[in-house]
There are 2 protein chains.
Amino acid sequence: MKSTKQSAVTAQDVADLAGVSRAAVSRTFTKNGSVSTETREKVEKAAAQLGYQINFLAQGLNRKRSMLIGVVVARLSDPFRSQLLEGLLNEIQARGYQALVTEVGNAEELEATIRRFTQFRVSGVIVTSGQPPIDLIKECIHFNIPVVGINRYAAIPNVDFVCSDNVTGAQLAAQQLIKSGCKSIGWLNYQYSTWGGITRGEAFSQVLQATEPWCYQQLVTICAQEDGYEGGRKAAHEMHKNGLKVDGIYCANALLACGFLDGMREHGMDAPNDFHIIGFDDTPQTAQYSYRLSTIRQDVIETAKRALWCLESRAQDASLLQRLEVVPVSLVLRNTSPESSYSVTQLKDK
Amino acid sequence: MKSTKQSAVTAQDVADLAGVSRAAVSRTFTKNGSVSTETREKVEKAAAQLGYQINFLAQGLNRKRSMLIGVVVARLSDPFRSQLLEGLLNEIQARGYQALVTEVGNAEELEATIRRFTQFRVSGVIVTSGQPPIDLIKECIHFNIPVVGINRYAAIPNVDFVCSDNVTGAQLAAQQLIKSGCKSIGWLNYQYSTWGGITRGEAFSQVLQATEPWCYQQLVTICAQEDGYEGGRKAAHEMHKNGLKVDGIYCANALLACGFLDGMREHGMDAPNDFHIIGFDDTPQTAQYSYRLSTIRQDVIETAKRALWCLESRAQDASLLQRLEVVPVSLVLRNTSPESSYSVTQLKDK
DNA sequence: TTGAAAGCGATACCAA
DNA sequence: TTGGTATCGCTTTCAA
C-alpha cells in the first residue's frame with residue numbers, strides 16, 4: 001500500500017491516481033464540497049489505496065484555523081482538576097478536535113501560553129486556571145478565536161464562562177446541615193482561594209443569612225493557610241488548638257474537606273458523630289470507605305459539553321453577547337452528613 | 001502597536017518595516033541563522049513594534065515538523081496517571097514544545113490518535129497507555145517521528161521505553177516485609193493488569209524465590225476482578241470470605257492498595273497491627289492520614305526527563321538501537337509497614 | 001461539477 | 001551576510 005516516495009502522500013498523488021484534479025480531492029474531504037458521486041468514489045478509492053491523510057498543518061495554514069483547541073490547566077494533582085480535564089478531552093475529541101494542553105503556574109506563563117495557542121491558530125481556548133488577561137483576550141478576538149473560562153468569571157465582553165451552580169450548592173449544603181440539627185456552622189476555605197471557592201463561601205453565607213439568621217450570626221469562617229489536603233488538616237489542628245467548636249462544616253473543595261476530616265480524627269473527633277461535614281467536587285476519593293464524604297457534586301461532563309458549545313457557537317458568530325452558563329449541581333449524601341432523619345443531636349445524645 | 005491590517009502580522013510586514021528581506025526576518029528567528037548584528041537589531045525592533053509572532057502552522061508545514069509532541073493518556077482519574085501527565089507537560093513545555101494530549105480507551109482509538117498525531121507532523125509521540133500497534137509505529141518511522149513508551153515494553157526496533165525499576169521495587173518491598181517478620185506474604189494485582197503491574201508481580205515472585213524460598217512457596221497471589229480502588233476493596237472482602245490470611249501484602253499500584261486496606265478495615269482488620277501492606281506509586285493520597293501507606297515511589301520527573309531525552313536524541317539519529325531506560329525507585333516507609341524495628345510479630349504479641 | 005491558478009506564511013537553497 | 005525564489009500541501013475563488 002505504501003508508495004515508494006520518501007515523503008508523505010499528498011492530495012496531488014491521490015488526484016493523479018484517480019485521474020482528477022487536486023481540487024476535486026480537496027472537495028471530497030470537505031464538508032460542503034460539491035463533487036459528483038462518481039468523482040468522489042474515484043477519489044476515495046485512490047485515497048484508500050495510497051493511505052492518504054490530510055496534512056493538518058497545510059490545511060490550517062490555508063484556513064487560518066487549525067483543528068486544535070487550547071486548554072489551560074493547573075495543579076493536576078487535585079483529582080477534581082484531572083477529572084475536569086478528562087471530561088474536556090473526551091468532549092474535544094468527540095467533536096473532532098485535538099487538545100493542546102498547557103499547565104500554567106502564574107499569570108506570565110498564562111500569557112505566553114495563550115500566545116502560543118494563537119500561533120497555532122487554535123479554534124478555541126479553554127481556561128480552567130488563572131484569570132485570562134484582558135490583553136490576551138484582545139489578541140484572541142483579533143484572531144477571531146473564542147475563549148471560554150471554567151469555574152471562574154470576569155466581565156469581559158465576548159468571553160463566555162461556564163460555572164457550577166454555587167448558589168444551589170450552598171443552599172443544598174445549608175439545608176442539609178440545618179436539617180441535621182447543626183447549630184454552630186463553619187465554612188472552610190483556603191485564604192487565597194480561587195473564584196469558585198470564594199463564590200461558594202459568599203453564597204453559603206447569604207443563604208444562611210436569608211434562611212437561618214441565627215446560624216448566620218454564629219457562622220465561623222475558617223481560613224486555611226495552605227491549599228489542598230494539608231491545608232484542611234492543619235486548619236483542623238488550628239481550630240482544635242484554639243478551642244473553637246463547630247458541629248457542621250461546609251468546605252470549598254474536596255481536598256480541604258478530606259484534610260479537615262483527617263485533622264479532626266487526629267484529635268479523636270470524627271464525622272458524623274462529633275460533627276457533620278460537607279465537601280465540594282465529589283472526587284472519587286470522597287466516595288472511598290475511609291472518607292465517605294457528603295459532597296456537592298459538580299457535573300464535569302455537562303461542564304465540558306457547555307464549554308465546547310460556547311466555543312462553537314461563538315466561532316460562528318463572534319459578536320454574541322457574553323454568556324454565563326450555570327451547570328446544575330447535586331448533593332451526594334454519604335456518611336459524614338447522612339440522611340436527615342439521622343441528626344447530629346440524636347447522635348450526641350446516644 | 002497593532003497594525004491596521006485585518007489579519008495577523010507576517011514576516012513580510014516585519015521585513016518591510018525593517019527595510020530588509022523576508023529571508024532575513026526568518027533567519028533572525030532561527031537558531032543557526034547567519035545574520036549581522038545590525039540586521040538582527042533592525043528586525044527585532046520592527047518585530048516588537050508590530051507584535052510579530054511566527055505562524056507555527058506555516059513553519060511546521062515547511063519544516064515538515066511542528067513543535068508539537070503527542071501524548072497518549074488513559075484513565076486520568078488514577079492519581080498516578082495525572083501526576084505522570086503533569087510531569088510530562090512540564091518537561092515538554094520546558095523544552096519549548098507544546099503537548100497534544102489524547103485520551104484513549106481502546107486499541108482502535110490509539111490507532112486513530114497516532115494517525116492524527118502524524119497529520120500534525122508532531123516531533124515525537126509519548127505513549128503512556130496501550131501498546132503502540134506495530135503498523136502505526138511503522139507509519140511514525142516513515143515520517144521519521146520518534147516514539148517512546150512509558151511503563152510498558154515491547155521489542156519494537158526504533159521505539160524506546162522508559163520504565164520504573166520494578167525489580168528493585170520488588171526487592172525493597174520483599175526485604176521490608178521479611179524484615180518486619182511477615183510469614184505469609186501476598187501479592188495483589190488486577191486480573192487484566194498493565195505491563196507494569198505484571199512485571200512488578202513477576203519480579204516480586206522471583207525475588208522471593210531467590211532470597212526466601214520458604215516464603216515464595218507460600219506466596220498468595222490475589223487477583224482482583226476489578227481495577228482501581230474498588231478492585232482492591234472487593235479483593236479484600238473476597239479474601240476474608242474465603243478465610244484466607246496474609247500478614248504482608250505487596251500491591252501493583254496505589255489505588256489497589258488503598259482499596260485493599262479499606263476492605264480489610266471493613267472487616268475490622270487494619271495495618272500495621274493485623275498485617276503489613278506496601279503499595280506502588282506513592283500518589284499524594286497514600287500519604288494522607290487515613291492511609292499513611294508505605295509505598296514504592298516512582299520518580300515521575302525523572303521519567304518525563306528521560307522520555308524527552310529519548311525523543312530528542314532519536315530525532316537526531318533515527319537509526320539508534322532501541323533503548324530501555326530504567327528509572328530508580330525508592331521505598332517510602334509509612335504507617336502500614338513501618339520501620340523494621342517495629343515488626344509485625346511484636347505487634348501481634350502485644 | 002470541474003480544473004487552473006492564486007494564495008496561506010515561513011524556510012532554505014542559491015547566487016551575488 | 002544578504003535577497004530572490006521555489007517549495008511545503010492544501011483551500012478556494014474563478015471560469016469554463
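Each chain gets a letter, A, B and so on, in the order the sequences are listed, and its residues count up from 1. Note that the structure is predicted; figures quoted are calculated from it, not measured. Heavy atoms only: backbone and side chains are in, while hydrogens, waters and symmetry mates are out.
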Could you state the CD-C1' distance from B:Gln59 to C:dC8, rounded to the nearest angstrom? 15 Å

Residues that B:Ser21 engages under side chain to side chain contact (heavy atoms under 4.5 Å, CB included), provided they are two or more places apart: B:Ala23, B:Ala24

A:Ser21 side-chain N/O to C:dG3 phosphate OP1/OP2 under 4.0 Å: yes

How would you label the contact of B:Gln53 with the nucleic acid (heavy atoms, under 4.0 Å): base, sugar-phosphate, or nothing? sugar-phosphate

Residues of residues 35-42 of chain A with a heavy atom under 4.0 Å from any atom of DNA chain C, listed by number, are A:Val35, A:Ser36, A:Thr39

NZ/A:Lys42: more than 12 non-hydrogen atoms of other groups inside 6.0 Å: yes

note: A:Arg22, atom CZ; C:dC8, atom C1'; distance rounded to Å ~ 13 Å

Tell me if the side-chain of A:Arg27 makes a donor-acceptor pair with the base of C:dG3, cut-off 3.5 Å, by modelled atom types. yes

d(CZ, B:Arg63; P, C:dT11) in whole Å: 5 Å

Taking A:Phe120's backbone N and O only, do any of them form a donor-acceptor pair with A:Ser66's side chain (distance below 3.5 Å, no angle check)? yes

Just call it for A:Ala23: base, sugar-phosphate, or nothing, with non-hydrogen atoms closer than 4.0 Å on any strand. base

Any side-chain N or O of A:Lys64 below 4.0 angstrom from OP1/OP2 of C:dG9? yes

Holding to side chain to side chain contact (heavy atoms under 4.5 Å, CB included), I want the full list of residues that pass it with B:Gln119, two or more places apart in sequence or in another chain. A:Gln53, A:Ile54, A:Phe56, B:Arg115, B:Arg116

Rounding to 0.5 Å, atoms CG (A:Leu308) and OG1 (A:Thr303) come to a distance of 11.5 Å

How far does the helix from C:dT1-D:dA16 to C:dA16-D:dT1 bend, going by the axes of its first and last five pairs, to the nearest 10°? 30°

Got a list of side-chain donor-acceptor pairs under 3.5 Å for residues 145-160 of chain A, not counting sequence neighbours?
residue  : atom : partner  : partner atom : Å
A:Asn151 : OD1  : A:Ser164 : N            : 3.0
A:Asn151 : ND2  : A:Gln298 : OE1          : 3.0
A:Arg152 : NE   : A:Ile150 : O            : 2.9
A:Arg152 : NH1  : A:Gly130 : O            : 3.4
A:Arg152 : NH2  : A:Thr128 : O            : 2.7
A:Tyr153 : OH   : A:Gln322 : OE1          : 2.9
A:Asp160 : OD1  : A:Arg314 : NH2          : 2.7
A:Asp160 : OD1  : A:Arg323 : N            : 2.9
A:Asp160 : OD1  : A:Arg323 : NE           : 3.3
A:Asp160 : OD2  : A:Arg314 : NE           : 2.8
A:Asp160 : OD2  : A:Arg314 : NH2          : 3.4
A:Asp160 : OD2  : A:Arg323 : NH2          : 2.8

Mind checking the CG-CG spacing from A:Asn62 to A:Leu57? Nearest 0.5 Å is all I need. 12.5 Å

Taking atom CD of A:Glu111 and atom CD of A:Glu108, what is their separation to the nearest 0.5 Å? 8.0 Å

A:Phe56 near the nucleic acid: base, sugar-phosphate alone, or nothing, with a heavy-atom cut-off under 4.0 Å? nothing

Test side chain to side chain contact (heavy atoms under 4.5 Å, CB included) applied to A:Asp16 - qualifying residues, sequence neighbours left out: A:Gln12

It should be established whether B:Ser26 places a side-chain nitrogen or oxygen under 4.0 Å from OP1 or OP2 of nucleotide C:dT11. yes

What integer distance in Å separates B:Asn62:CG from D:dC8:C1'? 6 Å

Applying a 4.0 Å non-hydrogen cut-off, can you work out what A:Phe29 is touching in the nucleic acid: base, sugar-phosphate, or nothing? nothing

